[in-house]
Amino acid sequence: MARQFHLYNSLSRETETVEPLHDGHLQFYSCGPTVYSYAHIGNFRSFLTADLIFRTAKSIGWEVTYATNITDVGHLTDDDLTGTTGEDRMVQALQSKEGERFANIWDLARYYTLVLQEDWRSLNLLEPTVRPRASEHMREQIKAIEQLLKSGHAYETSNTIYFSVPSFPAYGRLSGNEAAEDLEQGVRDVVHDPEKQDPRDFALWKKDDSHLMQWHSPWGWGFPGWHLECSVMAQTYLGDEIDIHAGGEDLIFPHHECEIAQTECLTGKTFARKWVHTRFLQVEGKKMSKSAGNFYTVRDLVLPESEGGRGIDPLAVRMTLLSGHYRKPFNFTFETLKTNVRHRQRFDDVVALAESGLENGENGQNELSGSLTALFERTLSAMLDDLNTPEALAATFEATKLVLKHEHLSKDSAASVIRWLDNTNDLLGIVYPHAPLKTESGDESFAAEVDALVAARTQAREADDFTRADELRDELTSLGVEVMDTPDGPKWKRRSTLS
RNA sequence: GGUGACGUGGCCGAGUGGCUAGGCAAGGGUCUGCAAAACCCUGUACGACGGUUCGAAUCCGUCCGUCACCUCCA
């Protein structure tokens, strides 16, 4: 049965059915990060939306070509200023304290790209079909500029090649910034380049032979404008006309507006049929910022405490992000995170129960198959309905509850549970960790110490010496370990730093 | 100044005209040497004021409040 996938399109401001241009094959582009620092949880909220589009489309049998870029070319913090050093985010990063350990700017880009991919995997984001780098598509960008110059959509000044916004009447449709005066109002405080023909015009190329990242072009040494790379890479890997283009809400203007202008002037076709924008994440009700002290990278949360993190299960972080709808501002709080640490543990409990059922269960009735199928159907329908993750999660909570009501599972029931877990994991990525947490150094000796204490406690309990047993429990607690007495003997785990 | 959102019980959050969303937290209970986990029970909310309607959290209007973007940003 053909399923319909509905998504809200920021361009039309309506929820629409996704209908791939090529039957059953989705062409999807999502704007990736500039690799000048560690990516934070807000960045990952956007990447997660892209991941969910990818997973949901695949779950209804579509083939998906999913491209997301790495921006490893510095971009000016201000389009109108000439590119002196210190105005470029990557250059700034290199010149900062943290930048001192890098040999050069390329080294810095390489490092943060690797880290990004590690974080990406830890949050169980699927690998995109292709992850192009801006620096590796300079030839295509230069070619695009030449074409735009030739067709009259761009012009050259003494230090810049500008895109001519008046040459593209549809400019402003995506963001609603259609009136030139409004934009002028917005840029009134910014330094103007007197050679600029229209205040809305934006740079395609900056001539600058002193910049740390520069390439040779028909206009001398320099570097490309920020918006061009995505236009060119999307075109290279997905074609002139793509199905969905996604990114954070801040990219609506100017980035995506400018991408549309460039690409449509180049191809004469509709660039992206749908635009999907993820709203910003806030932390504890405020905009995340380093100065407010509420700025979190993925690693701040996920790395073990011994390595400066908080030792939180990355999938709990993922579930936390999933607990809000992508089109609403999301308030990330530690209370919500704590809740989701528990939800995650319940999935582990379900996995354990199912595995034990497969191994030791009897050949009995399958009492779960029907309910789990129905609940998964609810999850899938929710995702197909504009990625309604809160609703999708609600259905999985009902399912875990249903399963955990049973102390033991028959072989057949266990098999159904495993099937449900697999399906849920394929769609939401919250069941099986992709990359295990890094083990703490000295982990083994720590485990041995805990095991010894637990064994001593078991002895005390068997001797009915409960005073001693409680003392040992207290001792374990102070080590950050919690002991649980189960029918299969005592088990222990590290207490979450949040509890 | 321009543009676009959002306001549901202690908290998160679904729900676009009538039927208990779900979860977390809380209280009570079962289980346990004590715990933990798990399970069971309890809790009736929709910013304000008008309007439409037999009936509105849901549609319309006004107001109040919160937030985001306007060439650094996911």
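Just so we're on the same page: letters track the sequence lines, and every chain starts at 1.
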K.L.:
Less than 4.5 Å apart, side chain to side chain, heavy atoms only: is that true for A/Leu48 and A/Leu123?
P.N.:
no
K.L.:
Could you tell me if A/Tyr162 and A/Asp198 have a donor-acceptor pair between their side chains, going purely by distance under 3.5 Å?
P.N.:
no
K.L.:
Mark yes or no for a side-chain to base donor-acceptor pair under 3.5 Å between A/Arg473 and B/A35, with no hydrogen or angle criteria applied.
P.N.:
yes
K.L.:
Let's test your reading of the pairing rules: Watson-Crick or G-U wobble, both distances under 3.5 Å, then write RNA chain B as a dot-bracket string with ( ), [ ], | and dots.
P.N.:
(((((((..(((.....[...))).(((((.......)))))....(((((..]....))))))))))))....
K.L.:
Which whole number of Å gives the distance between the P atom of B/C19 and that of B/C46?
P.N.:
15 Å
K.L.:
Going by atom types alone, do A/Tyr155 and A/Asp201 pair a side-chain donor with an acceptor below 3.5 Å?
P.N.:
yes
K.L.:
Which value, in whole Å, describes the distance between the C1' atoms of nucleotides B/A14 and B/A45?
P.N.:
13 Å
K.L.:
What residue among A/Asn340, A/Asp51, A/Asp313 forms side-chain hydrogen bond (donor to acceptor under 3.5 Å, both in side chains) with A/Arg318?
P.N.:
A/Asp51
K.L.:
Report the residue (A/Thr486 or A/Asp470) whose heavy-atom-nearest nucleotide on RNA chain B is the more 5′ of the two.
P.N.:
A/Asp470
K.L.:
Under the side-chain contact (heavy atoms from CB on, under 4.5 Å) rule, collect the residues that match up with A/Glu335, sequence neighbours excluded.
P.N.:
A/Thr333
K.L.:
Is the ring centre of A/Phe47 less than 6.0 Å from the ring centre of A/Phe44?
P.N.:
yes
K.L.:
Quote, to the nearest angstrom, the P distance that separates B/U16 from B/C59.
P.N.:
9 Å
K.L.:
Just by protein heavy atoms under 4.0 Å, how would nucleotides 11-23 of chain B read 5' to 3' in B, S and -?
P.N.:
--SSS-----BSS
